[in-house]
Number of protein chains: 2
Amino acid sequence: MQLTRERIVCAAAELIEREGVDAVSMRRLAADLGSGVMSLYNHVPSKAALLDGVAEWIMSGIDFSSDPDASWEDQVRAQARAFRQIARAHPRCTMVVVSRPTTSAAGLLPIEHALATLRGAGFGGEEAVRAVRAFVAYIVGSLLREVGVTPSLARPEDDAPAGRLLRLDPAEFPQATSLAAELMVRDHDADFEFGLDLLVRAVADLRPVRRR
Amino acid sequence: MQLTRERIVCAAAELIEREGVDAVSMRRLAADLGSGVMSLYNHVPSKAALLDGVAEWIMSGIDFSSDPDASWEDQVRAQARAFRQIARAHPRCTMVVVSRPTTSAAGLLPIEHALATLRGAGFGGEEAVRAVRAFVAYIVGSLLREVGVTPSLARPEDDAPAGRLLRLDPAEFPQATSLAAELMVRDHDADFEFGLDLLVRAVADLRPVRRR
DNA sequence: ACCTGAACACCGTTCAAGT
DNA sequence: ACCTGAACACCGTTCAAGT
């Protein structure tokens, strides 16, 4: 089968999803694709560029469009949820997406949509830009949490009964100890919606705007 | 000089800051420390564990305490800013801190402090946990943006005049095009404070609480 | 307990050679 | 234009040997 940039990028994304980023090597990828290692370099200039390609490919698979008849609050919410889809659809690729600077247009698309929504709701340019940045920061941070790299109490242990506790010194961590039950609950949907709601309402409070 | 876990971790952090994560190898580190490669393994079980150590070391260098006489809003702000200090003090290590699950107590300390502040302000346990998670998500996302991995318009190019524009198709990106000026401004302080303020005010609105 | 060199099984990428 | 193998300069880590 023909070797293609797209085929290579796609194979890389699948390999990451299957075995993690550390499993990705040009040699391994070539073997998976049934070609010589150096053949890859006819379509991709370097491994770094390949990973950029994976990030872009995943971003471009998200649909950021939203119902233009909905309230701007609901549109922003829909866009945020679309973004978060990345963590659900490509959990192990999320870190790749989020850890490399987006050089492509695909990375700017969610921002374009969000800006359009906010401007359409009557927000000024600077305000819209600032609000979008706050949303993006929150969403990106949420992705990282969901993917499991943000400080948490529940330690993933293969052998231990699900949701075992990190050993905590109650003297040093009185709050974490007394709130252990709440901290162990990991409902990413609810967590995400909670924070998203905070931001949406705070942005709505910035100024009295009427539906356009 | 004696080889020590702390000395190794510290050297790794400095090397990351100087030349980036990709420059870190056990061999390079050993050379920097004037020892044989394998000597490192007497103090650190693996490279991955070493990077965990770097993350922990950086987290433990942040002072999350806040003036207990200040309003809870100001305390939360102070804690958030302390967290953000990481991006200023160790920009190139930030990704390391933020990309690996915190297994140590040092990673839980900021959460402990934030929980104490919110509970002291009268928030319920579950509410406090949710709010803290929203804050952490926002802060972590902000760190990533500040360190330069979040979609942005300003493309860092060594040769181009500072702040050159990504080539944008005005038809596809009307908002980004018309807001190019605003999007190019990169005032991380202002951006961070703007979003932090949104969250603080939204959390304050969750329920009428009086100072404790 | 700590250090070490040799060795193993890998890397990404350059280059020169092929079609 | 695309493919390729050999070669180069690296990796992390195991192991057996030293002190």
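Remember, predicted model here, so these are calculated numbers, not experimental data. Below, chain A is the first sequence line, B the second, and so on; all start at residue 1.
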>> The criterion is side-chain contact (heavy atoms from CB on, under 4.5 Å); which residues satisfy it with A:Y41, sequence neighbours excluded?
In response: A:M26, A:M38
>> By the definition side-chain contact (heavy atoms from CB on, under 4.5 Å), identify the one residue from B:V76, B:V203, B:I111 that meets it with B:V132.
In response: B:I111
Nucleotides 3-6 of chain D: which of its N/O atoms have a protein N/O under 3.5 Å away?
residue : atom : partner : partner atom : Å
D:dC3   : OP2  : A:H43   : NE2          : 3.3
D:dT4   : OP2  : A:G36   : N            : 3.0
D:dT4   : OP2  : A:S39   : OG           : 2.6

>> Run the salt bridge (Lys or Arg N to Asp or Glu O under 4.0 Å) test against A:E112 and tell me which residues pass, sequence neighbours left out.
In response: none
>> Measuring from atom CG of B:L198 to atom OH of A:Y138, what distance do you get when rounded to the nearest 0.5 angstrom?
In response: 13.0 Å
> Roughly how far apart are B:S66 OG and B:R81 CZ, rounded to 0.5 Å?
Replying inline: 11.0 Å
> Of all of residues 24-32 of chain B, which get a heavy atom below 4.0 angstrom from DNA chain D, listed by number?
Replying inline: B:V24, B:S25, B:M26, B:R27
Is there any protein nitrogen or oxygen under 3.5 Å from a nitrogen or oxygen in nucleotides 16-19 of chain C, and what are the pairs?
none

>> Quick test of your reading of the model: are B:D197 and A:R130 salt-bridged, counting only N-O distances below 4.0 Å?
In response: no
> Does a salt bridge link B:E146 with B:R186, judged by any charged N lying under 4.0 Å from a carboxylate O?
Replying inline: no
Identify all side-chain donor-acceptor contacts of residues 48-62 of chain B below 3.5 Å with residues at least two apart in sequence or on another chain.
residue : atom : partner : partner atom : Å
B:D52   : OD1  : B:R100  : NH1          : 2.8
B:S60   : OG   : B:E56   : O            : 3.3
B:S60   : OG   : B:W57   : O            : 2.9

>> Can you list everything that forms a ring pair (Phe, Tyr, Trp, His ring centres under 6.0 Å) with A:F135? Sequence neighbours excluded, please.
In response: none
> Which heavy-atom pair separates A:L199 from A:A134 by the least distance, and what is that distance?
Replying inline: CD1-O, 4.1 Å
> What distance do B:H43 atom NE2 and B:L3 atom CG have between them, rounded to the nearest 0.5 Å?
Replying inline: 5.0 Å
> Which parts of residues 7-19 of chain B get close to DNA chain D, meaning a heavy atom less than 4.0 angstrom away?
Replying inline: none
> How would you list, by chain and number, every residue that makes a salt bridge (Lys or Arg N to Asp or Glu O under 4.0 Å) with A:R133, sequence neighbours excluded?
Replying inline: B:D191
>> Please enumerate all residues that pass ring pair (Phe, Tyr, Trp, His ring centres under 6.0 Å) together with A:F64, with sequence neighbours excluded.
In response: A:F83
>> Applying salt bridge (Lys or Arg N to Asp or Glu O under 4.0 Å), can you list everything that pairs with A:R92, at least two apart in sequence or on another chain?
In response: none
> When Watson-Crick pairs (N1 to N3 and N6-O4 or O6-N4) and G-U wobble pairs (N1-O2 and O6-N3) count only below 3.5 Å on both distances, what is the dot-bracket string of DNA chain D, with | for other-strand pairs?
Replying inline: ||.|||||...|||||.||
>> Looking at B:E126, I'd like to know if its CD atom is crowded, meaning that more than 12 non-hydrogen atoms belonging to other residues, nucleotides or ligands lie closer than 6.0 Å.
In response: no
